[in-house]
Asker: 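Sending over a structure as structure tokens; questions will come in a sec.
Within every chain, numbering begins at 1; the chains are lettered A, B, ... in the order of the sequence lines, protein sequences first and strands thereafter. If you're wondering where the values come from, they're calculated on a predicted model, not measured in any experiment.
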Protein chains: 2
Amino acid sequence: MKLSTKGRYGLRAVVDIAVCSENEAIALSQIAERQNISVNYLEQLVARLKKAGIVNAIRGAQGGYMLAKPAKDISVGAILRALEGDLNPVDCSEINNNEGNCDNSDSCVTKYVWKRISDSINDAVDGIMLSELVAESKKVQAQMGNTEANNTKQTCGI
Amino acid sequence: MKLSTKGRYGLRAVVDIAVCSENEAIALSQIAERQNISVNYLEQLVARLKKAGIVNAIRGAQGGYMLAKPAKDISVGAILRALEGDLNPVDCSEINNNEGNCDNSDSCVTKYVWKRISDSINDAVDGIMLSELVAESKKVQAQMGNTEANNTKQTCGI
DNA sequence: TTTAATTCCTATTAAATTACTCGGCTTTAA
DNA sequence: TTAAAGCCGAGTAATTTAATAGGAATTAAA
């Protein structure tokens, strides 16, 4: 019952893109360095985000990624589902739309449990917008920047 | 982000025990047959439940398992945590009590997301009592029993 | 027009986890 | 005494995760 690195790394990458690419596209190599994730692996994660319409790519030299829409219109739920697939705790035909076609559905009582877990997870993540994380990130950076002089490596630290 | 078979099979096993062992201990072999899980694997699941104080074992011939306390005093959360370990979506030192000792905690903004997911999952499962599942199971059984005459195999079907 | 930076795409592999199976030991009612 | 149960630890097969690798396509800039 754990998120994989796809979800964990991927959400960090989106926050990075949101914070650091307000005007210009940002290259994966920069995100990779800041977040300490390999470029190759990041590619796979960002591919999912792109497919889901969360980020746009600009190809070629000086290319990179930007948000596909304003951060206030992107929910953490959409990001995590793009990265992880659905966030349901089980593959249950009552929760998903008849995926798996469970033959025991009539007499199954645990499905009520799975449904409640599923709803609570999805409600939670859909209620958080990327813009909130961006705001939090900027706040934290401001604090860190004031107390310590460790803006050594990047101008846009996360 | 899926529950393993431990949680899925194990919760079914607990409901089975709760429904079928009101007076007498019930053998794993019977649960195994009804739930279509191997006895050997069930043993491992039930061992966790026993360790967590959810079921009691009676050893020797005619032995088996019973609930360790009334179903209304056992939450689904306690059952699932006994089977799966904690239900947090990440191993994060802010959520667990300093497990892992994340060195990036100060500047981490995704921890707010993990905390909200974690809380929502735990609140959901702690709000469901085993007794509710037992009641639901009995209701379903009554319906199935009336419409079809398929009480062939067991007196205590689930 | 070349070059270098970058995204795009697919295949392969190493590591970890899951989901069991197996076999022998202990306990106890009949 | 025996058979039916729980108890326990080791081993294994299958699956999933977490990468790594390498080349093709695209494009801004020199």
Side-chain angles (χ1 to χ4, degrees), chain A residues 1-13 16-17 20-21 23-33 35-52 54-68 80 83-86 89-91, chain B residues 1-13 16-17 20-21 23-52 54-68 80 83-86 89-91 100:
Chain A
M1 195 59 177
K2 292 276 183 273
L3 285 169
S4 69
T5 54
K6 292 195 198 78
R8 289 188 285 121
Y9 294 178
L11 180 56
R12 275 162 57 200
D16 192 302
I17 292 171
C20 301
S21 74
N23 300 312
E24 53 189 355
I26 187 174
L28 283 191
S29 56
Q30 293 181 49
I31 304 174
E33 194 183 358
Q35 303 297 331
N36 205 31
I37 308 169
S38 84
V39 174
N40 281 310
Y41 194 43
L42 258 185
E43 279 179 0
Q44 295 176 29
L45 308 184
V46 176
R48 291 169 184 245
L49 296 167
K50 189 188 164 197
K51 201 170 151 194
I54 291 167
V55 300
N56 282 335
I58 296 171
R59 300 190 66 175
Q62 319 306 318
Y65 292 91
M66 315 180 68
L67 292 186
L80 290 180
L83 293 161
E84 293 271 339
D86 72 73
V90 296
D91 288 330
Chain B
M1 196 59 177
K2 293 275 184 271
L3 286 169
S4 70
T5 54
K6 292 196 198 77
R8 289 188 285 121
Y9 295 179
L11 180 56
R12 275 163 56 202
D16 192 303
I17 292 171
C20 301
S21 74
N23 301 312
E24 54 187 354
I26 187 175
L28 281 192
S29 56
Q30 293 181 49
I31 304 175
E33 194 183 359
R34 273 197 292 271
Q35 303 296 332
N36 204 33
I37 308 169
S38 85
V39 174
N40 282 309
Y41 194 42
L42 259 185
E43 277 179 1
Q44 295 177 25
L45 309 184
V46 176
R48 292 170 183 243
L49 296 166
K50 189 188 164 196
K51 201 170 152 195
I54 291 168
V55 300
N56 282 336
I58 297 171
R59 299 190 67 174
Q62 318 307 316
Y65 291 91
M66 314 180 69
L67 292 186
L80 290 179
L83 293 161
E84 294 271 339
D86 72 73
V90 295
D91 289 329

Asker: Under 4.5 Å between any side-chain heavy atoms of A:K6 and A:R48, yes or no?
Answerer: yes
Asker: Check the interface with nucleotides 27-30 of chain D: list each N/O to N/O pair with the protein under 3.5 Å, or write none.
Answerer:
| from | atom 1 | to | atom 2 | distance (Å) |
| --- | --- | --- | --- | --- |
| D:dT27 | O2 | A:A61 | N | 3.3 |
| D:dA28 | O4' | A:A61 | O | 3.4 |

Asker: Assign each of B:A57 and A:K6 to its nearest nucleotide of DNA chain D by heavy atoms, then name whichever residue's nucleotide is nearer the 5' end.
Answerer: B:A57
Asker: Please determine if a side-chain N or O atom of B:Y65 lies less than 4.0 Å away from the OP1 or OP2 oxygen of D:dC7.
Answerer: yes
Asker: Find the distance A:L3:CG to D:dT16:P and express it as a whole number of Å.
Answerer: 17 Å
Asker: Taking side-chain hydrogen bond (donor to acceptor under 3.5 Å, both in side chains) as the test, write out the residues that go with B:T5, two or more places apart.
Answerer: B:Y41
Asker: What parts of residues 39-50 of chain A reach DNA chain D, counting only heavy atoms under 4.0 Å away?
Answerer: A:N40, A:Y41, A:Q44
Asker: Quick one: list whatever passes salt bridge (Lys or Arg N to Asp or Glu O under 4.0 Å) with B:K2, sequence neighbours left out.
Answerer: A:D86, A:D91
Asker: Please determine if a side-chain N or O atom of B:S29 lies less than 4.0 Å away from the OP1 or OP2 oxygen of D:dA4.
Answerer: no
Asker: Through what angle, rounded to 10 degrees, does the axis of the helix from C:dT1-D:dA30 to C:dA30-D:dT1 turn between its ends, using five pairs per end?
Answerer: 0°
Asker: Please step through side-chain contact (heavy atoms from CB on, under 4.5 Å) for the pair B:M66 and B:V55, ending with a clear verdict.
Answerer: CA-CA 6 Å; B:M66 314 180 69; B:V55 300; over 6 Å; no
Asker: Sequence neighbours left out, what passes side-chain hydrogen bond (donor to acceptor under 3.5 Å, both in side chains) with B:S4? Give chain and number order.
Answerer: B:E84
Asker: Using the test side chain to side chain contact (heavy atoms under 4.5 Å, CB included), find all partners of B:A61 that sit at least two apart in sequence or belong to another chain.
Answerer: none
Asker: Please identify each residue that fulfils side chain to side chain contact (heavy atoms under 4.5 Å, CB included) with A:A52, with sequence neighbours left out.
Answerer: A:I54, A:A82
Asker: Nearest-Å distance, CG (A:N36) to C1' (D:dA18)?
Answerer: 15 Å
Asker: Can you name the side chain to side chain contact (heavy atoms under 4.5 Å, CB included) partners of A:E43, sequence neighbours left out?
Answerer: A:L28, A:V39, A:N40
Asker: Specify the closest pair of heavy atoms between A:A25 and A:G63, including all atoms of both residues, with the distance to one decimal.
Answerer: CB-C, 4.1 Å
Asker: Can you pull the contact range of chain A along DNA chain C, 5' to 3', using atoms under 4.0 angstrom from its heavy atoms?
Answerer: C:dA5 to C:dA11
Asker: Let me know which of A:I31, A:I17, A:L42 forms a side chain to side chain contact (heavy atoms under 4.5 Å, CB included) with A:Y65.
Answerer: A:I17
Asker: Are A:Y9 and D:dA19 close enough that a side-chain N or O sits under 4.0 Å from OP1 or OP2?
Answerer: yes
Asker: Is a side-chain N or O of B:R34 found less than 3.5 angstrom from the main chain of B:D16, in a donor-acceptor match?
Answerer: no
